[in-house]
2 protein chains.
Amino acid sequence: MLSLSEENHLKSIFHLSLNSDSGVSTNSIANNLNTKASSVTEMLKKLSEKSLIVYIKYHGAQLTELGRKTALKIIRKHRLWEVFLVEKLDFKWDEVHEIAEQLEHIQSEKLTNKLDKFLNFPTHDPHGDPIPNPAGFIKITPKLKLSDLGIGETGKFVGVKDSSSAFLKYLDKRKISLGCNIKVLHQEEFDQSLHIGLDDTNLTISVKSASNLYITKI
Amino acid sequence: MLSLSEENHLKSIFHLSLNSDSGVSTNSIANNLNTKASSVTEMLKKLSEKSLIVYIKYHGAQLTELGRKTALKIIRKHRLWEVFLVEKLDFKWDEVHEIAEQLEHIQSEKLTNKLDKFLNFPTHDPHGDPIPNPAGFIKITPKLKLSDLGIGETGKFVGVKDSSSAFLKYLDKRKISLGCNIKVLHQEEFDQSLHIGLDDTNLTISVKSASNLYITKI
DNA sequence: AAAATAATTTAGTCTTGCCTAAATTATTAT
DNA sequence: ATAATAATTTAGGCAAGACTAAATTATTTT
Ligand SMILES: [Mn+2]
Ligand SMILES: [Mn+2]
Ligand SMILES: [Mn+2]
Ligand SMILES: [Mn+2]
């Protein structure tokens, strides 16, 4: 049985290792968990001791197969609870992350699997992220950003990179919701902002926003 | 914000103070929480400091109004989650307590109230215990035990005193479930065991079991 | 009303998880 | 290749929550 802090460190290492194939740095974990590098170092030693990570001094941490499965089981719970909160309790997609951060630590495999069934075995959470299976297996697909599309191309909005409450509310306001089709109409010269077509309306979004929207080409 | 341990102590004091109007003893709390008296003493000082209890050295603890409301809000969450687990996820009534012990500490009033609504504002948990309202108000009704009934009297089974998994499974096996009517037919001389009528079947239960069944007279 | 026993508190430790400041190692710039 | 800078680890502490053993207070027995 892992402690709350151990679980959070594992999760953090998992998420950070998606954007870099070498070891995850002490500082990046500290930054991610709002803690200090020295605290992380101690935790890395402990996780290494438990064979959850490979830790080489001064060269960061990498999840072992066990560590990866363990992290994904926590992420599975997180995402299932997010689905529950949105689908069953009518929370908005920008309100659920904080609560799921707590719920993901509830220990009961039976609970997780019954919840999964109750929700009808969802494949993705409210932010478009895939839900790992009970064994901790996840299919990670390479992600295309809206900013990667060329003029005239159309994509389906399938996920967000930045899932901060602020960005999610920004999308709500512009009626950009998961599953909708977005066509790139034109790119502004001087600030690279994009004119896009959405259903029957057109609007303009910044490159920054565009690079936070995951899409699949149509 | 209270720590997990503080919340558990408050809850324990609340439950223990139902069977005694004077202060709740250090030892009884320690016993209830599977910890040691010395640990409890330290916690009592802290809770007293926070005005959640009145603590007089060597004379135990009593909840203040604030402490009582706080305890009841935790108990509200516990019981709502138990209803959720049984009604929505198809857990058996003997499986939910342990999980609810974890879920009761999730912090989000909004979540609690949305859960309440989702469950259609239940008044009692799966063990027949009343669910406090959002403000921490609860209606405590004096409880009659099956063993208090006279021969020939009938009662409706409305709650369990001992809600241990073992006792709940025992009741399941005998098809004694919440809401059913029980008629006391006869009492055995030599061991006080009771012959009872339940629907169309008769069965015999010990005094010990009978004193663990709460009923309302019909 | 003492004496014996039981309950409770205090004193002193331990572990976990966190911190700051100092030392060490890695990386980058010259 | 060396020097400067940045990242990381180590050393030393602190608070929370637990424990054991010893001291103190309450309760029960004689
Ligand atoms: Mn989330
Ligand atoms: Mn999510
Ligand atoms: Mn319970
Ligand atoms: Mn219950």
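Here is the naming used below: chain letters follow the sequence lines, and residue numbers restart at 1 for every chain.
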| request: Describe, in one word, how the ring planes of A:Phe118 and B:Phe84 are oriented to each other, choosing from parallel (under 30°), tilted (30 to 60°) and perpendicular (over 60°). | output: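 The arrangement is perpendicular - the two ring planes meet at more than 60°.
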| request: Determine the interplanar angle of the A:His78 and A:His97 rings, folded into 0 to 90°, and report it as parallel if under 30°, tilted if 30 to 60°, perpendicular if over 60°. | output: tilted
Does [N] have OP1 or OP2 under 4.0 Å away from a side-chain N or O of [X]?
X: B:Asn27; N: C:dT8; value: yes
X: B:Thr41; N: C:dT10; value: no
X: B:Ser25; N: C:dA7; value: no
X: B:Tyr55; N: C:dT9; value: yes
X: B:Lys45; N: C:dT10; value: yes
X: A:Lys57; N: C:dT24; value: no

| Do the side chain of A:Thr41 and the main chain of A:Ala37 share a donor and acceptor less than 3.5 angstrom apart? |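 A pair under 3.5 Å: yes.
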| field | Whole angstrom value for the distance that separates C1' of C:dC18 from CD of A:Glu6 | value |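 My rounded result for the distance is 14 Å.
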NA contact type, [X], heavy-atom cut-off 4.0 Å: base, sugar-phosphate, or nothing?
X: A:Ser39; answer: base
X: A:Thr26; answer: sugar-phosphate
X: B:Ser38; answer: base

| field | A:Lys77, A:Lys11, A:Arg79 screened by salt bridge (Lys or Arg N to Asp or Glu O under 4.0 Å) with A:Glu104, the one that passes | value | A:Lys11
